[in-house]
Structure formats: structure tokens, C-alpha cells
Amino acid sequence: MTKVQAITTEAPKGGVKFQTVDVEDNGPVELSPMYTGICGTDRGMVTGRLDFAYNPQGQDFIVLGHESICRVKSADSQTGFKAGDLVVPMVRRPGKCINCQAGRQDNCSDGDKKEAGITGKNGFMRESFTDDPEFLVKIDDPSLSRTGVLTEPLKNVVKVFEVVETVSKRSIYASTDSTYHGKKAYVIGTGAEGFLFAMMASEYGFDTRILNRHPVEENRMAICDAFNMEFVDYSKEDRKEKIDLLIDTSGDPATFLKFMRIMNLNSVGIMFGTNGKAPSTEFTGKDIDIMVERNITLAGSVDAAKTHYEKAASYLSRWNARNSRVLSSMITSEKEPSETSVFTDRNPESIKTVIKWK
Ligand code: NAP
Ligand code: ZN
């Protein structure tokens with residue numbers, strides 16, 4: 001056991017403390033987080049809204065945090081890591097099912113996996129921790145020492161595009177020149193995940209729109225310009241174009257259905273955002289007709305595998321090399337670990353808030 005300062009909550013009850021705790025050692029690589037990102041899951045845990053969160057066995061708290069970029073403090077040479085390396089630790093840890101045993105705990109088939117900072121395993125919001133090299137993703141590009149904190153949220157996006165490529169094979173989905181040029185992608189929601197999805201859709205060559213029900217501030221508009229995507233305030237304009245790829249990060253069923261109803265023939269829709277508290281809406285016989293007659297494929301997607309973390313890091317490197325200001329403008333505020341009010345007070349202009357550890 002090691003004593004460290006950490007940001008903790010009591011799952012699933014909530015609350016937040018920056019305190020010294022005794023935590024277990026988990027492997028031969030010693031890591032210091034440089035930045036940890038805050039997302040809706042961390043806020044949901046602190047406000048006691050995530051019923052499925054639970055403390056590690058034998059503990060009455062859980063260390064928060066699943067988005068991070070860390071520096072290796074020490075490692076023995078057989079681990080493949082050395083002091084100074086940049087790494088992103090993986091969130092999900094395998095159980096015993098066939099998917100988990102094949103390194104695909106993102107597709108766990110019995111629900112027995114654990115998630116750092118969420119379900120049964122301490123997270124990364126602490127001064128230091130030790131981990132197993134199997135669950136560490138090496139980041140080779142030193143320019144990602146801060147924006148590399150976006151690797152974890154971007155790995156979800158990389159997996160979704162793999163899912164889109166898989167399920168869209170049921171018909172010919174690409175344009176007649178074999179690319180996605182001219183195909184329309186709509187991304188609902190303008191948070192960090194929404195922007196990362198829209199950036200990736202644009203990278204794939206889709207004609208990309210990112211949507212919300214209100215206008216967004218200048219910083220978000222500048223990211224849209226840099227990635228050649230259009231922001232649409234759908235409360236003010238009603239688009240009639242057919243959507244080939246719909247990605248929802250709002251978790252709002254009425255909004256998802258509104259856009260599903262204008263999906264194209266042979267199109268793909270991905271449900272990614274979750275909001276158990278969203279108001280119910282009516283799914284009608286006409287909606288089933290739309291799905292059937294247009295061969296629409298809808299899929300949910302959660303988390304991602306190590307391969308997706310690695311690909312996410314290479315997209316970040318590429319985007320950073322192209323325009324380093326854009327990625328850093330996604331990180332809209334930086335806090336000290338003691339500023340725990342950041343989990344309860346949310347600035348609507350913020351895209352990604354991070355905690356700086358050293
Ligand atoms: P976020 O910052 O809260 O983003 C959610 C976005 O959706 C916000 O921009 C919000 O706008 C917008 N929104 C809410 N209702 C809307 C509506 N009716 N129409 C249009 N936009 C609407 O969260 P995030 O970090 O980007 O994550 C997005 C979602 O993905 C969250 O639900 C999160 O829990 C989920 N998630 C899923 C996975 C997975 O593996 N599937 C992984 C990570 C996160 P306002 O802020 O203006 O309300
Ligand atoms: Zn499993």
C-alpha cells in the first residue's frame with residue numbers, strides 16, 4: 001500500500017475530497033499523472049447520479065479519473081517502459097469472458113470488467129500510482145505532453161468509425177469515387193466528444209455538421225473553421241438534406257429521432273451519448289417504416305481497445321502537427337487538484353477542463 005494525495009468520491013453516493021489515502025500497488029511501472037481530464041462521468045459520480053459506479057473491494061472510496069496523460073517515474077527494463085516515457089493508462093480492465101480475454105474488454109460479454117475511476121478500480125486523479133504494462137499505451141510524440149489527455153476520449157471515436165466501417169459494408173456506402181466525399185455526417189452535441197467525432201468525420205472526408213440547440217461561442221466556431229465543418233443551431237434552421245452518418249452525443253431520444261427521420265437510404269446512426277434522465281419521446285410505427293424501408297443501421301458503442309488508443313494518439317499527433325492551436329484550444333481550463341468545485345460548477349463555454357498535477 002502507498003499513501004498519496006488523491007481526488008476521491010464515495011460511489012455511488014457522491015461527494016468529493018482531495019485527501020491523503022492508502023492505495024494498493026498494481027504493477028511494475030510507476031507513473032505520475034501530468035494532466036487528468038474531467039468529463040460528465042466524473043461529475044455524475046460526484047453528484048451521485050451514476051448508480052452503476054462502485055468502490056474497489058474493501059475501500060469506502062474510489063479515486064476518480066479515467067482520462068489522463070502520465071509520465072513514467074520508474075520502470076524495470078523488462079516492462080518496455082523507462083523513466084520519462086509519456087503514457088496513457090487504459091480505463092477498462094478485463095474480466096474472464098471471451099472478449100476480455102482477447103483484449104476486447106470494451107466489448108465485455110458478461111459485464112465483469114472493471115473501469116478505473118468508475119467501477120471497482122481506483123482512477124488516475126492522484127499524485128502517483130503503479131500499473132501493469134499491458135494496460136499502458138506509450139505516446140511517442142513529445143508534443144502530446146498536454147493534449148495527449150485527449151487520447152482517452154478520442155479512442156472512443158476511433159472505435160466508432162471502425163464500427164461504422166463494419167456495419168456500412170451491408171451495402172455500398174462510399175461515394176462513386178470510393179471516398180466519403182459528398183456524404184453528410186451530422187454530430188449532435190458540442191462537448192469534447194462531439195467535437196472529436198466531428199473532427200474525425202471531417203478527416204474521413206464527410207461533409208460534416210456539428211449541431212446544438214443554441215449558438216456556440218467563438219472558440220468552438222474557430223475549431224469548426226479549422227476542421228472544415230459547419231456548426232448548425234437547429235433551433236433556428238431546419239435542414240432538409242439527407243444524413244448518411246448520424247452520431248449522437250446528447251443522449252436525448254427526441255433529438256436523436258428528429259434527425260433519424262431524415263437519415264438517407266443505407267445510412268448509419270451511432271448512439272454514443274447517455275442521459276438516463278432525458279425526457280421520454282414517442283417511437284412510432286412510422287419510425288419503424290423509416291428504418292426498414294431505408295435499410296438504416298443503428299448501433300450503440302462504448303469504450304475502445306488498446307489498438308484504438310494507439311490510433312487516437314497518432315491522429316492527435318497528425319492534427320497537432322497541422323495546427324497545434326486547435327487541439328490546445330479544446331482544453332479550455334486548467335485547475336489545481338484542490339479546486340474540487342470544478343466537479344459541481346460547470347462553465348458552459350468550457351470544452352475540456354483538466355487538472356494539472358505537476
Ligand atoms: P458533454 O460535454 O456533456 O457533451 C454533451 C453535449 O450534448 C453538450 O454539448 C450538450 O449541449 C449537448 N446536448 C445535450 N442535449 C442536446 C440536445 N437536445 N441537442 C443538441 N445537443 C445537446 O459530454 P462529452 O464529454 O462530450 O460526452 C458526450 C456524451 O457521451 C455524454 O453523454 C457522455 O456520458 C457520453 N460518453 C459515452 C462514452 C461511450 O463510450 N459511449 C464515453 C464517454 C462519454 P449543452 O452543454 O449546451 O447542453
Ligand atoms: Zn468481460
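Numbering of ligands and ligand atoms starts at 1, following listing order. As the structure is a computational prediction, the values presented were derived from the model and not from experiment.
Legend: residues meeting side chain to side chain donor-acceptor pair (under 3.5 Å) with R346, ordered by chain and number and at least two apart, are absent. Take Y186 and apply the side chain to side chain donor-acceptor pair (under 3.5 Å) test, not counting sequence neighbours, and it matches E241.
Side-chain polar atoms of D287 and T284 form a donor-acceptor pair below 3.5 angstrom. In this structure, a donor-acceptor pair under 3.5 Å is present between the side chains of T255 and D252. T36 and W357 form a side-chain donor-acceptor contact under 3.5 Å, judged by distance and modelled atom types alone.
Sorted by chain and number, the heavy-atom contacts of ligand 1 below 4.0 Å come from N156, I188, G189, T190, G191, A192, E193, N212, R213, H214, Y234, T249, S250, D252, T255, F272, G273, T274, S301, V302, D303, R346.
D106 pairs in a salt bridge (charged side-chain N to carboxylate O under 4.0 Å, His left out) with only one of the listed residues (K159, K306, R92, K113), which is K159.
Salt-bridge formation is detected for the pair D238/K240: a Lys NZ or Arg NE/NH1/NH2 atom is positioned less than 4.0 Å from an Asp or Glu carboxylate oxygen.
Classified by interplanar angle (parallel below 30°, tilted 30° to 60°, perpendicular above 60°), the ring pair F206/Y173 is tilted.
Distances shorter than 2.8 Å separate the Zn ion (ligand 2) from the protein N/O/S atoms C97 SG, C100 SG, C108 SG.
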Exercise for the section: Go through the steps for D248 and F272 under the test side chain to side chain contact (heavy atoms under 4.5 Å, CB included), then give the verdict. Expected result: CA-CA 6 Å; D248 177 62; F272 180 85; over 6 Å; no
